[in-house]
There are 2 protein chains.
Amino acid sequence: MSTISKALGLLDLFSEAHPRLGLTDVQRMTGRDKATVHRHLTALEEIGFLEQDAGTRAYRLGPAITRLAGMRARTVAEVEMVRSVIDALSRDAGELVHISRLQGFDLVDVYHAELHDHPVRVSFDAYGLPPLFATASGKAYLAFSTSGLLDMALADPRTVQEGAARPDPHAVAAELSQIAKRGYASNRDTLRIGVSSVAIPVFDASARAFATCSIAYPTSRGGARRAADLAALLMSRGRDITEAMGGAVPPDVQTIWTPEAERAAS
Amino acid sequence: MSTISKALGLLDLFSEAHPRLGLTDVQRMTGRDKATVHRHLTALEEIGFLEQDAGTRAYRLGPAITRLAGMRARTVAEVEMVRSVIDALSRDAGELVHISRLQGFDLVDVYHAELHDHPVRVSFDAYGLPPLFATASGKAYLAFSTSGLLDMALADPRTVQEGAARPDPHAVAAELSQIAKRGYASNRDTLRIGVSSVAIPVFDASARAFATCSIAYPTSRGGARRAADLAALLMSRGRDITEAMGGAVPPDVQTIWTPEAERAAS
DNA sequence: TCTATCGGTTCATTATTTGAACCACGCCAG
DNA sequence: CTGGCGTGGTTCAAATAATGAACCGATAGA
């Protein structure tokens with residue numbers, strides 16, 4: 001293990017629970033020698049990755065991190081920020097992965113990846129056009145937004161005229177509540193016969209949902225547990241996606257798949 | 001020089017001018033051996049401080065930086081973020097240093113430091129109450145805001161009723177224009193007899209002024225060149241202050257004191 | 001095809017990191 | 001007041017990790 005990794009790994013020790021750490025705190029958490037830890041801490045402080053409180057001598061995350069994050073925000077496009085995560089997710093799931101952003105009342109594609117070689121693929125030409133209630137992404141978004149947005153979406157004329165069945169507000173609200181509880185939304189042959197999907201929300205710096213990430217797959221490739229498996233995989237990357245885009249996951253959001261949450265929501 | 005500093009120093013090579021760097025780019029910029037550079041780059045990539053483009057193999061700033069910056073924003077108070085810079089500035093200037101934020105039409109104190117031992121000190125009890133035109137901070141703020149704010153401030157009834165002399169809009173606009181050109185605002189005995197100050201704006205992530213930093217000093221301690229000297233010192237820290245708070249300095253702002261800018265503005 | 005340049009790798013040499021012991025300070029209980 | 005304990009921080013021989021000249025393979029142009 002390189003000294004670089006060891007030193008930078010120290011930064012990950014700083015959290016909401018432990019925003020300030022003293023030398024011995026870090027020493028205990030890492031199990032490394034005190035002298036080593038001290039040298040790493042001071043090295044990180046010298047370049048501004050940490051700051052030391054003059055009074056308590058405790059360390060906290062430093063200004064260089066904020067400075068570099070600003071540089072990244074200015075020089076790296078939103079697409080680049082999520083590309084590697086989405087690509088990896090697509091490879092691991094073996095399915096089509098989408099990340100979309102709300103514009104008006106549509107979820108428009110930011111980036112998508114389909115890095116597998118199954119001969120059967122999901123077509124997504126019309127992605128983003130269906131009303132929010134019809135897609136897993138849309139439901140994931142609505143479930144983690146203020147209810148005001150749901151009312152507005154219900155009142156949107158385009159939503160109403162789309163398709164034959166006008167959604168029942170109570171049924172929609174009930175489903176969104178389940179989605180919020182278990183942490184992800186899903187669809188099975190609802191929008192298009194043969195296409196299923198699971199989706200989670202992506203949050204911005206104010207911890208508000210502003211985008212979604214979804215996995216779409218042919219229902220034919222999905223056995224009984226496929227949806228749950230893909231949901232678990234998707235949720236395990238949710239925090240990475242949100243944080244790569246500079247966002248923060250609200251503390252009350254279910255971020256890991258568990259059988260308990262699954263049952264509790266149904 | 002520790003390997004930690006060497007490796008993390010590589011991150012500073014990434015800029016608006018060079019957002020993506022290849023192995024040999026970095027090698028040339030640093031003069032270090034290619035193997036060394038490569039190991040550093042891959043070490044930084046492994047922990048997410050850099051990302052490598054799958055196609056071009058060029059490196060760019062990675063998601064871990066953004067993630068940690070979010071953590072810092074959530075766990076370190078605004079005051080802590082600037083404390084060390086302001087403290088250092090106060091020590092170096094040997095005067096009272098203020099950082100204030102606009103709330104309504106007042107600049108309210110966020111933090112101040114007076115780390116010197118001169119017997120003569122500036123009182124600042126009423127700081128934040130005078131109208132924006134009367135303080136260097138207020139003028140610094142207005143000079144780097146949209147002119148709409150100036151109009152609103154001029155129309156603000158409290159502004160109008162304060163003091164005897166109602167400000168001449170044209171004179172104010174002319175002064176603000178000079179301030180914008182040279183990069184800082186100054187006052188000499190205008191608000192209170194015996195008190196002078198210099199001030200610069202602080203910008204947020206959208207590169208809009210949202211706060212100010214100022215140095216206040218007794219006019220008695222200020223010779224002919226004191227204002228310019230303090231302004232030069234203040235401006236040299238301006239970028240650090242803005243970036244420590246997660247902001248970005250607009251590219252067209254004068255950020256270093258020069259005799260040319262000083263002359264051009266007057 | 002030949003050459004230059006790119007990213008990346010290897011392995012003996014070298015220099016840096018490491019850690020047990022040590023120091024100084026502040027705090028608390030007796 | 002004092003002695004013990006827990007801090008943060010330092011030292012220097014020993015151990016280990018970083019280094020760099022040479023090398024590899026791929027790619028793009030001339």
Side-chain angles (χ1 to χ4, degrees), chain A residues 1-15 17-62 75-76 80 83-84 87-88 91 115, chain B residues 1-15 17-64 75-76 80 83-84 87-88:
Chain A
M1 193 186 195
S2 72
T3 42
I4 299 168
S5 322
K6 272 183 276 188
L8 290 181
L10 298 184
L11 299 175
D12 287 326
L13 300 176
F14 294 83
S15 62
H18 306 287
R20 284 143 221 275
L21 298 172
L23 171 59
T24 38
D25 293 328
V26 177
Q27 189 261 315
R28 267 194 289 264
M29 289 191 217
T30 58
R32 290 200 267 271
D33 189 89
K34 195 172 42 159
T36 304
V37 169
H38 181 250
R39 291 173 44 118
H40 288 175
L41 289 175
T42 48
L44 288 171
E45 195 207 351
E46 258 169 38
I47 49 185
F49 275 67
L50 289 177
E51 257 179 325
Q52 192 174 28
D53 189 286
T56 67
R57 306 220 144 178
Y59 297 87
R60 57 171 182 262
L61 295 174
T75 60
V76 179
E80 307 282 356
R83 181 170 292 174
S84 56
D87 285 355
R91 261 189 296 268
L115 304 174
Chain B
M1 192 186 195
S2 72
T3 40
I4 299 168
S5 321
K6 273 183 276 188
L8 288 181
L10 298 184
L11 298 175
D12 286 325
L13 300 175
F14 294 82
S15 62
H18 306 287
R20 284 143 221 275
L21 298 172
L23 172 59
T24 38
D25 292 328
V26 177
Q27 190 262 312
R28 266 194 288 264
M29 288 191 217
T30 57
R32 290 201 265 272
D33 188 90
K34 194 170 44 157
T36 303
V37 169
H38 181 249
R39 291 172 45 121
H40 288 174
L41 289 174
T42 47
L44 289 170
E45 196 208 351
E46 257 170 39
I47 48 184
F49 275 66
L50 289 177
E51 256 179 326
Q52 192 174 28
D53 189 286
T56 66
R57 306 220 143 181
Y59 297 87
R60 58 172 181 263
L61 295 173
T75 59
V76 179
E80 305 283 353
R83 180 170 293 174
S84 56
D87 285 355

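Chain letters run A, B, ... following the sequence lines, proteins first, then strands; residues in each count from 1.
- Residues satisfying the side-chain hydrogen bond (donor to acceptor under 3.5 Å, both in side chains) test with S5(B), not counting sequence neighbours, are S2(B).
- In terms of heavy atoms, R20(A) sits closest to T75(B) at NH2-O, 4.0 Å.
- The closest side-chain heavy-atom distance from L8(B) to L8(A) is below 4.5 Å.
- DNA chain C lies under 4.0 Å from at least one heavy atom of each of the following residues of residues 18-29 of chain B: G22(B), L23(B), T24(B), R28(B).
- Between the CG atom of L23(B) and the NZ atom of K34(B) there is a distance of 6.5 Å, given to the nearest 0.5 Å.
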So which protein nitrogen or oxygen atoms get under 3.5 Å of nucleotides 16-23 of chain C's nitrogens or oxygens?
from, atom 1, to, atom 2, distance (Å)
dT17(C), OP1, T3(B), N, 2.8
dT17(C), OP1, T3(B), OG1, 3.1
dT17(C), OP2, R39(A), NH2, 3.1
dT18(C), OP1, K6(A), NZ, 3.0
dT18(C), OP2, H40(A), NE2, 3.0
dG19(C), OP2, T36(A), OG1, 3.2

Could you list the donor-acceptor pairs under 3.5 angstrom formed by side chains in residues 45-59 of chain A, with sequence neighbours left out?
from, atom 1, to, atom 2, distance (Å)
E51(A), OE1, R60(A), NE, 3.1
E51(A), OE2, S84(B), OG, 2.7
Q52(A), NE2, R57(A), O, 3.2
Q52(A), NE2, Y59(A), OH, 3.2
D53(A), OD1, G55(A), N, 2.7
D53(A), OD1, T56(A), N, 3.0
T56(A), OG1, A58(A), N, 3.2

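- Between A7(A) and I4(B) the shortest heavy-atom distance is CB-CD1, 3.4 Å.
- Near-neighbour residues of DNA chain D inside residues 48-59 of chain B, defined by a heavy atom below 4.0 Å, are absent.
- Qualifying side-chain hydrogen bond (donor to acceptor under 3.5 Å, both in side chains) partners for T3(B), counting only residues two or more places apart in sequence or in other chains: T3(A).
- The salt bridge (charged side-chain N to carboxylate O under 4.0 Å, His left out) test applied to D12(B) returns R67(A), not counting sequence neighbours.
- Counting only heavy atoms from C-beta outward, the side chains of D25(A) and L13(A) never approach each other to under 4.5 Å.
- Axis angle across the helix from dT1(C)-dA30(D) to dG30(C)-dC1(D), with five pairs used at each end and values rounded to 10°: 30°.
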Nucleotide N/O of nucleotides 25-27 of chain D paired with protein N/O under 3.5 Å:
none

Using residues 26-33 of chain A as the side-chain source, report each donor-acceptor pair under 3.5 Å to any protein atom, sequence neighbours left out, with the distance given to one decimal.
from, atom 1, to, atom 2, distance (Å)
Q27(A), NE2, R32(A), O, 3.3
T30(A), OG1, V26(A), O, 2.8
T30(A), OG1, Q27(A), O, 3.4
T30(A), OG1, R32(A), N, 3.3
R32(A), NH2, K6(A), O, 3.1
D33(A), OD2, A35(A), N, 2.8

Report each atom pair, protein N/O against N/O of nucleotides 28-30 of chain D, whose distance is under 3.5 angstrom.
none

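- Between L41(B) atom CG and dG20(D) atom C1' the separation is 16 Å, expressed in whole Å.
- Contact annotation: H38(B) reaches the phosphate of dG8(C) (side-chain N/O to OP1 or OP2, under 4.0 Å).
- Between T42(A) atom OG1 and H40(A) atom NE2 the span is 9.0 Å, to the nearest 0.5 Å.
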